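One-based numbering along the sequence shown. FYI, side chains are in, hydrogens and waters are out, and symmetry mates aren't considered; it's all heavy atoms of this structure. For clarity, every value in this text was computed on a predicted model and none was experimentally measured.
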Amino acid sequence: MYTLLSGLYMFQKDEYCILILGLDNAGKTTFLEQSKTRFNKNYQGMSLSKITTSVGLNIGTVDVGKARLMFWDLGGQEEVQSLWDKHYAERHGVLYDIGSTDEESESKEAFEKVVSSEALDGVPILVLANKQDGETCLSIPDIKTAFSDCTCKIGRRDCLTPGLTALTGKGV
Ligand code: G3D
């Protein structure tokens, strides 16, 4: 019995809930779809050209090594943003997607509210500088400068800003 149980334990994955936040059109659905295609064996992904903007909750599970990441893409429309904090208690980490070609001040305003939330105090944040293929995209240093006002609110939590192109999978 012990052998059976310890065998089962060995195959069990640690589960983490990750919220995907960001403005409408930032590329959240595309990122999630690329992650599922890249990491989940036998996943028959949908054609990226058929992806429409996330409306409501879009949940996807991705297995990476011994971890199972449950991504909750909450949708970025203005009226939905006020519901983001209802999910803060259920998260282990946050991905904040900046479509690097989007209106940077609007994205920064939404990001500032996220990092100011007490419920996310100390929660690691990955700021995805998506759409790095765009001709008019902001570079990572430009994004860091534009978001520098938020640095004190990020505080000592882990925060990284990788660049990526979710559309092609580069950086995912
Ligand atoms: P959302 O879920 O955050 O609302 P989507 O965003 O994933 O629906 O993407 C919104 C649009 O951005 C889509 O184009 C999608 O193809 C595009 N997009 C996503 N990631 C990238 C990227 O890395 N580079 C470029 N150039 N475009 C990207 P459409 O035309 O379908 O609206």
Report whether [X] and [Y] are members of the same hydrophobic cluster (ILVMFWY, side-chain heavy atoms less than 4.5 Å apart, transitive linking).
X	Y	result
W84	L126	no
V172	V64	yes
Y16	Y88	no
I18	W72	no
V80	I20	no

Checklist outcome for this item: Those residues at least two apart in sequence (or on a different chain) that pass salt bridge (Lys or Arg N to Asp or Glu O under 4.0 Å) with R38 are none
Next on the checklist: List the residues meeting salt bridge (Lys or Arg N to Asp or Glu O under 4.0 Å) with D133, not counting sequence neighbours, and say none if there are none.
Outcome noted: none
Quick one: [atom1] on [X] to [atom2] on [Y], what's the gap to the nearest 0.5 Å?
X	Y	atom1	atom2	value
L120	R91	CG	CZ	6.0 Å
I154	F147	CD1	CZ	9.5 Å
L19	H92	CG	NE2	10.5 Å
L128	T161	CG	OG1	9.0 Å
D158	I125	CG	CD1	10.5 Å
T61	K36	OG1	NZ	8.0 Å

Heavy atoms, side chains only, cut-off 4.5 Å: are [X] and [Y] in contact?
X	Y	answer
V94	P124	no
F31	L164	yes
S107	Y96	yes
T29	E33	no

Do you know which two heavy atoms are closest between [X] and [Y], and how far apart they sit?
X	Y	result
G93	V123	CA-CG1, 3.6 Å
S100	I143	OG-CD1, 3.7 Å
D149	K108	OD2-NZ, 2.9 Å
N40	D63	OD1-N, 3.2 Å
G27	N130	CA-ND2, 3.6 Å
G60	L32	N-CD2, 4.0 Å

Checklist entry - Should R68 and D14 count as an ion pair when the cut-off is N to O under 4.0 Å? => result no
[X] [atom1]: over 12 foreign heavy atoms closer than 6.0 Å:
X	atom1	result
E78	CD	no
K113	NZ	no
E90	CD	yes

Next on the checklist: Side chains of D142 and S139 only: does a donor on one sit below 3.5 Å from an acceptor on the other?
Outcome noted: yes
Next on the checklist: Has Q34 got a side-chain atom pairing as donor or acceptor with L167's backbone, closer than 3.5 angstrom?
Outcome noted: yes
Next on the checklist: For the backbone of L138 and the side chain of K131, can you confirm whether one donor and one acceptor N or O come within less than 3.5 Å of each other?
Outcome noted: no
Checklist entry - With sequence neighbours left out, what residues match K153 under side chain to side chain donor-acceptor pair (under 3.5 Å)? => result E112
Next on the checklist: Here's a test for you: under side-chain contact (heavy atoms from CB on, under 4.5 Å), which of D97, L95, V114 qualifies with L21?
Outcome noted: V114
